[in-house]
Amino acid sequence: MAILGLLGKPNVGKSTTFNALTENTADIGNYPFTTINPNIGTSYVTKNCACTELNVKCNPNNSKCEDGIRYVPVEIIDVAGLVPEAHKGKGMGNKFLDDLRQADAFILVVDASGKTDLEGNPAENHNPIEDVKFLLNELDMWIYNILSKNWDKLSRKAQQERKPAKIIAEQLSGLNISENQVLAAIRPLDDSPIKWTDEDMIKLATTLRKISKPMIISANKADHTDAEANIEKLKEEFKDFLVIPTSAEIELALTKVSKANLVNYDGKTVVINEETTKDLNEAQKNALMYMKNYADKFGGTGIQDLVNRAYFELLDMIVVYPVEDENKYCDKKGNVLPDAHLVKKGTTAKELAYKIHTDIGDKFIYAVDAKKKIRIGADQELKDGDVIKIVSAA
Ligand SMILES: Nc1nc2c(ncn2[C@@H]2O[C@H](COP(=O)(O)OP(=O)(O)OP(=O)(O)O)[C@@H](O)[C@H]2O)c(=O)[nH]1
């Protein structure tokens, strides 16, 4: 399962983002994560549930469905504030950078209001472009440090065995970089690894970071009056990145008032509950109105978009529904569309079988596309929203 990492300097709203993303997840279902690390939390992606298209009522098990929207659990890791030179150990940098190793994609949180300097201290007119640049540099230097450990010895070995990509992929194991990806990354370099300069190695680290750690920029504190111009600057400067304006503070507050039944918030629009809010004081009513106006104007706070776009666009994942009965779309116990699985686009029917159980994969015979009621073979690639029955001898 892919993990999303939240990354940023101190005081940009990372914890607020993390809390907003993980606040509402207690009732999602039996998610498969067992971690007890306090900075790892469960959030979810949202997707139109297959129950609407099939016109059935579902009984989710590993996820939740509300008003035709499926909430599929995902893991988020919050990496404590990064400061410049973290890769040299500044501000407990290396511990945090090691946490990052686990993440498959990042949300890079910046303060779009420009009210915090590079170290996270209060400031005026700080340019958030600088924040993105230093964070990317920290990541590059972190990979460079791993890459260059024992490089004298390793480069000679790579030279002798003529397998530099294999040796580098091993050196970076844990970063999820395949030998083929390394091969593409080292193509512009000299054939002899012992001739690679420090500059070559830093460039290689940058290329490998781009390959292995895709990222979205969260332009947070977008509710602040000074944010708009900075958001435009970020979009202009980082055209290759998705830049999403967010207000973690409003999202967290909306999640809480929604839990308290004061509003109905579906992630996009806010409906104030007249009944439960009638005894609130003027200031409280104004606060609700302010949040409602913000969410209505921007179609939400951007926070859920971060997760959805990270999984569906950066990581290129789709949602599929394994079932045991292709006519009733249910499992053995009669639960309709019980499980929603997030899988990489390109996953085949047999690979899905392996994700369900090794035995089911080993003894795979064929699969059925339950929507079309047709048989599909082991190598058939699944499509988003597919409902799949696996037939196996297990
Ligand atoms: N206006 C506004 N303020 C925000 C927003 N998100 C966070 N803040 C405020 O920014 C400050 C820092 O937020 P945190 O979530 O603690 O920031 P952090 O990045 O986790 O900071 P560290 O824990 O030091 O790494 C707090 O005062 C928040 O209330 C937002 O969307 N809008």
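Counting starts at 1 for both ligands and their atoms, in listed order. Just so it is clear, the model here is predicted, and its values are computed rather than measured.
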query = Do any N/O atoms on Thr246 end up under 3.5 angstrom from N/O atoms on ligand 1?
reply = no

ask   = So, Asn220 versus Thr246: side-chain donor-acceptor pair below 3.5 Å or not?
value = yes

inquiry  = Please determine whether any non-hydrogen atom of Gly8 lies less than 4.0 Å from an atom of ligand 1.
reply    = no

message = Is there a polar contact, in the sense of an N or O pair closer than 3.5 Å, between Val12 and ligand 1?
response = yes

task = Find out whether the Lys NZ or Arg CZ of Lys9 is both under 6.0 angstrom from the six-membered ring centre of Phe134 and within 45° of the ring's axis.
result = no

query = Taking N or O atoms only and a 3.5 Å limit, does Lys221 qualify as a polar contact for ligand 1?
reply = yes

Atoms of ligand 1, numbered as shown, that sit under 4.0 Å from any heavy atom of Asn11 = 12 (C), 17 (O), 18 (P), 19 (O), 21 (O), 22 (P), 24 (O), 25 (O)

ask   = So which bit of Val109 gets within less than 4.0 Å of ligand 1, heavy atoms only: side chain, backbone, both or neither?
value = neither

request  = Run down the list Pro10, Ala227, Ser247 and name the one with the heavy atom closest to atom 25 (O) of ligand 1.
outcome  = Pro10

Identify all side-chain donor-acceptor contacts of residues 332-343 below 3.5 Å with residues at least two apart in sequence or on another chain.
residue: Asn335; atom: ND2; partner: Asp331; partner atom: OD2; Å: 3.2
residue: Asp339; atom: OD1; partner: Asn62; partner atom: N; Å: 3.4

key: Test item: Tyr265 and Thr301 side chains (from C-beta on) under 4.5 Å apart, heavy atoms   = yes

remark   = Quick note on ligand 1: atoms under 4.0 Å from a heavy atom of Asp223 include exactly 1 (N), 2 (C), 30 (C), 31 (O), 32 (N)

Contacts of type salt bridge (charged side-chain N to carboxylate O under 4.0 Å, His left out), residue Glu237, not counting sequence neighbours = Lys133

inquiry  = Is the ring pair Phe298/Tyr294 parallel, tilted or perpendicular, if the boundaries are 30 and 60 degrees?
reply    = tilted

Test of proximity, Gly13 against ligand 1: N or O pairs below 3.5 Å = yes

request  = Determine the interplanar angle of the Trp151 and Trp196 rings, folded into 0 to 90°, and report it as parallel if under 30°, tilted if 30 to 60°, perpendicular if over 60°.
outcome  = parallel

inquiry  = Polar contacts were defined as any N/O atom of the residue lying under 3.5 Å from an N/O atom of the ligand; does this apply to Ala248 and ligand 1?
reply    = yes

key: Of the listed options Glu249, Lys115, Lys9, closest to atom 30 (C) of ligand 1 (non-hydrogen atoms)   = Glu249

query = So which heavy atom on Leu54 is nearest to which on Lys371, and how close?
reply = CD2-CG, 3.9 Å

